[in-house]
2 protein chains.
Amino acid sequence: MAKAHPSLDPTELGAYFALIEVSSLLRHSVEQQLREAGDLSYVQFQLLARLGDSPAGSHRMTDLADGVVYSRSGLTYQAQLLEQRGLITRTPSPNDERSTSVSITEAGRDVLTRVFPGHIAVLNELLFESLSPADVSMLGDVLGRVRDHMRSTPPRSAAPRRRKTE
Amino acid sequence: MAKAHPSLDPTELGAYFALIEVSSLLRHSVEQQLREAGDLSYVQFQLLARLGDSPAGSHRMTDLADGVVYSRSGLTYQAQLLEQRGLITRTPSPNDERSTSVSITEAGRDVLTRVFPGHIAVLNELLFESLSPADVSMLGDVLGRVRDHMRSTPPRSAAPRRRKTE
DNA sequence: ATCCATTGCTTCGAATCCGAAGCACAGAGA
DNA sequence: TCTCTGTGCTTCGGATTCGAAGCAATGGAT
């Protein structure tokens with residue numbers, strides 16, 4: 001019904017829908033595993049993982065928020081929870097009094113290692129099982145390109161109607 | 001740091017991260033466009049789109065929920081909102097008194113057509129601009145396969161421990 | 001030195017979301 | 001017929017989420 005749009009071709013539509021659907025389903029399953037294995041939400045896991053991966057084991061709040069694609073206020077909330085549980089610490093940055101440096105604690109790393117195997121198991125079961133190494137490689141390549149493009153594109157995407165000084 | 005996990009190889013990790021990141025960023029941008037163009041959340045748009053695409057223009061609640069990967073209670077909530085705005089109607093199914101049949105209204109279709117061009121514009125700008133037709137095709141193919149696999153996999157993935165009467 | 005636009009983060013209120021519990025109907029089986 | 005289990009949806013309570021507004025510190029510019 002209704003094909004009178006400046007529509008996408010079926011291939012594009014298919015790719016788009018599949019992308020959304022896969023990420024939604026994957027997220028759900030992962031979320032469940034994380035909840036059971038370490039009582040973590042997906043965002044919390046992402047935060048800990050990022051901190052754990054960082055050489056210094058710490059990041060600024062804003063960088064974390066941008067990294068996981070999350071609102072700043074949302075991050076503040078989650079950081080509070082993680083701090084209460086002793087999985088991270090928050091200290092004002094020495095250089096810049098405004099900024100807060102978030103670091104992962106030993107307990108935080110412990111939770112991470114406790115949760116990791118199951119996490120990977122879910123990914124293998126759900127995501128990688130049906131893909132060949134070549135598929136995975138090309139997926140990473142293509143999506144990586146898209147990500148870079150999105151990251152570099154000016155935040156405001158939607159309405160670039162031409163506009164002079166006016 | 002910490003590579004002592006039953007880890008994924010870097011290629012897999014890259015694909016996974018890119019997938020999550022792309023879908024998050026895309027979702028954000030789309031959400032924004034939909035909000036501005038038609039005061040719709042992403043879920044609401046998905047629901048309307050699904051109904052609009054359906055030959056009969058209607059679906060059961062449960063099928064909608066499964067389709068868009070959403071909780072049933074969440075769907076009830078969103079359906080209320082859409083019904084209040086006159087974009088859908090809910091009527092008990094004739095065959096099965098338990099089931100609710102959701103249909104899109106004319107007003108609903110109008111909103112859809114009002115919102116569509118911008119939606120597609122965002123997709124083109126953000127998602128397709130950096131991809132060749134071949135990329136899109138492969139993406140759709142690979143992700144489609146993953147989706148089918150996920151859909152066919154028993155809902156409970158992680159812990160299918162055997163369980164008798166106890 | 002003083003302003004002031006910017007940046008980093010938090011607080012606030014309202015909207016959204018989910019799972020558990022509840023209600024009503026359906027479809028067996030005895 | 002009369003259960004009993006399962007299905008479909010909603011209600012409820014609590015947790016999570018976001019954007020707007022607020023506060024504090026920064027880094028120029030005057």
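Each chain gets a letter, A, B and so on, in the order its sequence line appears, and its residues count up from 1. No experiment lies behind these values; they were computed from the predicted model shown.
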_With sequence neighbours excluded, residues passing side-chain contact (heavy atoms from CB on, under 4.5 Å) with A:S137_ =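 Partners of A:S137 under the side-chain contact (heavy atoms from CB on, under 4.5 Å) test: B:T11.
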*asked:* Run the side-chain contact (heavy atoms from CB on, under 4.5 Å) test against B:D141 and tell me which residues pass, sequence neighbours left out.
replied: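 Residues passing side-chain contact (heavy atoms from CB on, under 4.5 Å) with B:D141: B:R145.
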To the nearest Å, how far apart are [X] [atom1] and [N] [atom2]?
X	N	atom1	atom2	value
A:Y42	C:dC18	OH	C1'	18 Å
B:L47	C:dC17	CG	P	10 Å
A:D39	C:dC18	CG	P	18 Å
B:L34	C:dT16	CG	C1'	16 Å
B:N95	C:dC25	CG	C1'	13 Å
B:M61	C:dA24	CE	P	18 Å
B:R98	C:dC25	CZ	C1'	6 Å
A:H59	C:dG8	NE2	P	15 Å

*Qualifying salt bridge (Lys or Arg N to Asp or Glu O under 4.0 Å) pairs, either residue in residues 68-78 of chain A, two or more places apart*: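 Residue pairs passing salt bridge (Lys or Arg N to Asp or Glu O under 4.0 Å), neighbours aside: A:D66-A:R72.
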*asked:* Using a heavy-atom cut-off of 4.0 Å across all strands, would you classify B:T62 as base, sugar-phosphate, or nothing?
replied: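 Sugar-phosphate, backbone atoms only, no base.
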*Looking at every strand, decide which applies to B:T76 at a 4.0 Å heavy-atom threshold: base, sugar-phosphate, or nothing.*
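If one applies the 4.0 Å heavy-atom cut-off, B:T76 turns out to touch a base.
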*Closer to the 5' end of DNA chain C via nearest nucleotide, is it A:D96 or B:G74?*
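Taking each residue's closest nucleotide, the earlier one in sequence belongs to A:D96.
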*For A:L75 and for B:V69, find the nucleotide of DNA chain C with the closest heavy atom, then tell me which residue's nucleotide is more 5'.*
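Closest to the 5' end, via its nearest nucleotide, is A:L75.
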_Test side chain to side chain contact (heavy atoms under 4.5 Å, CB included) on A:L19 and B:L26; report intermediate values, then the result._
CA-CA 10 Å; A:L19 174 67; B:L26 186 57; 3.9 Å; yes
*Counting only heavy atoms not in B:M138, do more than 12 sit closer than 6.0 Å to its CE atom?*
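No, because the 6.0 Å sphere around CE of B:M138 holds 12 heavy atoms or fewer from other groups.
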*Contact boundaries of DNA chain D with chain A (under 4.0 Å, heavy atoms), 5' to 3'?*
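The protein-touched segment is D:dA15 to D:dT26.
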*Specify the closest pair of heavy atoms between A:L8 and B:N124, including all atoms of both residues, with the distance to one decimal.*
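Looking at all heavy atoms of both residues, the shortest contact is CD2-OD1, 3.7 Å.
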*Taking the side chain of B:Y70 as its heavy atoms from C-beta onward, which of C:dA26, C:dT16, C:dC9 lies nearest to it?*
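Among C:dA26, C:dT16, C:dC9, the one nearest the side chain of B:Y70 is C:dT16.
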*Does any residue of residues 77-93 of chain B have a heavy atom under 4.0 Å from DNA chain D, and if so, which ones, in number order?*
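Of all residues in residues 77-93 of chain B, the ones placing a heavy atom under 4.0 Å from DNA chain D are B:Q80, B:R90.
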*Output yes when B:D63 and B:R60 qualify as a salt bridge under the 4.0 Å nitrogen-oxygen rule, no when they do not.*
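The answer is yes: the pair qualifies as a salt bridge.
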*Please name all residues satisfying ring-ring contact (aromatic ring centres under 6.0 Å, His included) with A:Y16, sequence neighbours left out, ordered by chain then number.*
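Listed in chain order: B:H119.
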